[in-house]
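My structure is below; once you've seen it, I'll send some questions.
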Amino acid sequence: MIDIARFRADPEGFAEAWRHRGLDVDVAALADLDKRVRELKTEAESAKAEANAASKAIGRVAKDGGDINAARSEAKRLGDRGKELSEQRQELEDAFKAQILELPNPCLTTVPVGSDETGNVVTETWGSPATFAGDAKPHWELGPALDILDFERGAKLSGSGFVVYRGLGARLNRALISWFIDQLSGEHGYTELGVPYLVGPEAMQGTGQLPKFADQLYRCAEDELYLIPTAEVPVTNLHAGEIFDVADLPRRYCAHTPCFRREAGAAGVGTRGITRVHQFDKVEMVWLTTPERSDDDLMTMRGHAELMLQRLGLHYRVLELCTGDTGFSSAHTYDLEVWSPGTGSWLEVSSCSTFTDFQARRAGLRYRSEPGAKPSLLHTINGSGLALPRCVIALLETHQRSDGSVTVPEVLRPYLGGVEVIAPA
RNA sequence: GGAGAGGUGGCGGAGCGGUUGAACGCGCCGGUUUCGAAAACCGGUCUAGGGGAAACUCUAGCGAGGGUUCGAAUCCCUCCCUCUCCGCCA
């Protein structure tokens, strides 16, 4: 959620920021609604103040045994008036909040302006594309041939967009999860978390999935619980409503969870294989940090994801997203894309973003800049570290050999019981 | 799932219809004292929002949401959570 105070001070500035995101917002109407809410609030509160004073007076008289009947009806009148005004205010305020909750975070002013993904900027490229004697095979051929990916049975169980990992495929997936987490918690000081995969609506609102993106979530209506689309949701909301001492920041968390995404509207769009599935594993990095350092921390976090790609020997590039392609809650995003030789395309395996205070405001994440200071909103940043299926794709396709087998990167071998090559049975 | 107990400020713990944002204790911050520290003493110490240049002031909050009442932390209803016992169970 945006800062209402800043919006009041500069509605046009927000209008422009939203235009950069391709949104035409009637900020004048919004500002007007906000003003009426506050006017009603002032009125309602002074009515309540009068009513409270009257009640207190009655209390005093009653104690002395005086007659309170006349005063009582007058107090009731005042109280009812306050209630009525409050209800009016509530109605308008709900309308205002509903609108505000659907408005995205303005991007940082440094973010390149653009209307869609064509406006994104490649800022770095690491490595070079693997070369092959013949054509590189795509993973949807390599996987079944090696008997490590089973698309048919995934679809049989749960429909299209679900896959079964088998044998060394399942183990490779599990190995990557463990290796990622060991890298982050061991080398970079992250605290590993195991979190619920089902969360309530408050958490979904805290990170920005609700109310706007309800159609992308799996929901258990019976219990009003949602399957998480990313560990970002439970991890960012972990400390919702809490106030940190500045000495306790930044908090660095990592967590592996499955991610569940309905991908409504995305069906069949270049989704062969496991590039886009309804359920996948991901390790997520989440930092709770201070406004002063969030920009630097984003770069540090991005570096952690990059280092892992480098150690896996994967060719990748870094994209700075333009205003039109930056996610709803984010103010600044870098995507990491790995090269998939088999499909001849770049695949997003990580999205590293700073949310400034947008999520912190929704989730109530605050800190004191010094002991005794007023609590203020902290900044949240997060990034994938990394998303599994597309790393599997890149590994299989990059390290494939002419006989159809795949070399396991050295760093993963201890996690695969020493297996160096995944070969056909 | 069934029965019982309970959810109050950073923590512990009172209050059970009247001026209570909430006694008391601990903690924390400032001060006095001290060579310094401890102890003692004095003062301060929640959050959100509205109004105000500011001093300040008003509103709301005792798990959540409704209700009764002139007035609710206190009474009533619904829900959530925690603990104990029973049942069930990976």
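Labels below follow one simple rule: chain letters A, B, ... track the order of the sequence lines, proteins then strands, and each chain is numbered from 1.
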* Asked: G21(B) and A72(B): how far apart are their P atoms, nearest whole angstrom?
  -> 11 Å
* Arg413(A) and Tyr415(A) side chains, donor-acceptor separation under 3.5 Å -> no
* In whole angstrom, what separates Arg60(A)'s CZ from G18(B)'s C1'? ->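 Nearest whole value for this atom pair: 10 Å.
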* **Arg72(A) CZ to G18(B) P, straight-line distance once rounded to whole Å** => 15 Å
* Pick the C1' atom in G52(B) and in G43(B), then give their distance to the nearest Å. =>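 Comparing C1' positions in G52(B) and G43(B) gives a spacing of 28 Å.
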* **Arg81(A) CZ: over 12 foreign heavy atoms closer than 6.0 Å** =>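 For Arg81(A), atom CZ is not crowded (no more than 12 foreign heavy atoms under 6.0 Å).
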* Asked: Rounding to a whole Å, what distance do you find between Lys83(A):NZ and U59(B):P?
  ->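 One finds 16 Å between P of U59(B) and NZ of Lys83(A), rounded.
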* To do: Report the residue (Pro375(A) or Ala54(A)) whose heavy-atom-nearest nucleotide on RNA chain B is the more 5′ of the two.
  => Pro375(A)
* To do: Take atom P in C16(B) and the same atom in G30(B), then report the distance between them in whole Å.
  => 37 Å
* Is there a donor-acceptor contact under 3.5 Å linking the side chains of Thr356(A) and Asn105(A)? ->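 Note: Thr356(A) and Asn105(A) side chains meet the donor-acceptor criterion.
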* Among C70(B), G51(B), U19(B), which is the nearest nucleotide to the side chain of Arg38(A)? ->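 The closest nucleotide is G51(B).
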* Just checking Arg366(A): base, sugar-phosphate only, or nothing, at a heavy-atom cut-off of under 4.0 Å? ->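 Result for Arg366(A) = sugar-phosphate.
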* Mind listing the residues from residues 238-246 of chain A sitting with a heavy atom below 4.0 Å of RNA chain B? Number order is fine. =>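 Under 4.0 Å from RNA chain B: no residue of residues 238-246 of chain A.
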* Asked: In whole Å, what separates the C1' atom of A73(B) from that of U19(B)?
  ->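 Comparing C1' positions in A73(B) and U19(B) gives a spacing of 16 Å.
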* To do: Using a strict cut-off of less than 4.0 Å between a Lys/Arg side-chain nitrogen and an Asp/Glu carboxylate oxygen, indicate whether Asp80(A) and Arg77(A) qualify as a salt bridge.
  =>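 Not counted as a salt bridge, because no side-chain N and carboxylate O are separated by less than 4.0 Å.
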* For Ala71(A), which contact category applies under a 4.0 Å heavy-atom criterion: base, sugar-phosphate, or nothing? ->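 The answer is nothing, as Ala71(A) stays clear of every strand by at least 4.0 Å.
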* Asked: In terms of side-chain heavy atoms, does Thr323(A) have a donor or acceptor partner in Thr326(A) at a distance below 3.5 Å?
  -> no
* Asked: Where the side chain of Lys374(A) is defined as all heavy atoms beyond and including C-beta, which of A48(B), G50(B), U59(B) is the nearest nucleotide?
  -> A48(B)
* To do: Give the rounded distance in Å between these two atoms: CD of Glu202(A) and C1' of G63(B).
  =>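 These atoms are roughly 13 Å apart.
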* To do: Starting from the 5' end of RNA chain B, give me the residue, Glu50(A) or Lys41(A), whose nearest nucleotide shows up first.
  => Lys41(A)
* To do: Provide, to the nearest angstrom, the distance between the NZ atom belonging to Lys56(A) and the C1' atom belonging to G18(B).
  =>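 Taking atom C1' of G18(B) as the reference, NZ of Lys56(A) is at 10 Å.
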* Checking all strands, does Arg8(A) fall into the base, sugar-phosphate, or nothing category for heavy-atom contacts under 4.0 angstrom? -> sugar-phosphate
* Rounded to whole angstrom units, what separation is found between the CG atom of Leu78(A) and the C1' atom of U59(B)? -> 15 Å
* Structure fact -> With the side chain defined as heavy atoms from C-beta on, Ser55(A) is closest, among G18(B), U59(B), A48(B), to G18(B)
* Asked: Does Glu45(A) get its side chain close enough to the base of G51(B), under 3.5 Å, for a donor-acceptor pair?
  ->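 Not at all, since no donor on one side and acceptor on the other fall under 3.5 Å apart.
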* Whole-angstrom distance between A38(B) and U34(B), as gauged at atom C1' -> 10 Å
* Calculate the interatomic distance between Asp223(A) atom CG and G1(B) atom P; express it in whole Å. => 10 Å
* Salt-bridge present (Arg276(A), Glu263(A); N to O < 4.0 Å) -> yes
* Whole angstrom value for the distance that separates C1' of G18(B) from CD1 of Ile58(A) ->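 It is 10 Å, rounded to the nearest whole Å.
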* Looking only at side chains, do Tyr316(A) and Gln310(A) share a donor and an acceptor under 3.5 Å apart? -> yes
* Distance, C1' atom - from U57(B) to A40(B), rounded to whole angstrom ->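 Between the two C1' atoms, the distance is 38 Å.
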* Nucleotide opposite U45(B) in a Watson-Crick or G-U pair, distances under 3.5 Å ->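 G27(B) - that is the nucleotide pairing with U45(B), both distances being under 3.5 Å.
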* Asked: Is it the case that Lys374(A) and Ser369(A) place a side-chain donor and acceptor less than 3.5 Å from each other?
  ->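 Note: Lys374(A) and Ser369(A) side chains miss the donor-acceptor criterion.
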* Without swapping roles, check the side chain of His139(A) against the backbone of Gly273(A) for a donor-acceptor pair under 3.5 Å. =>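 Here the side-chain-to-backbone pair does not exist.
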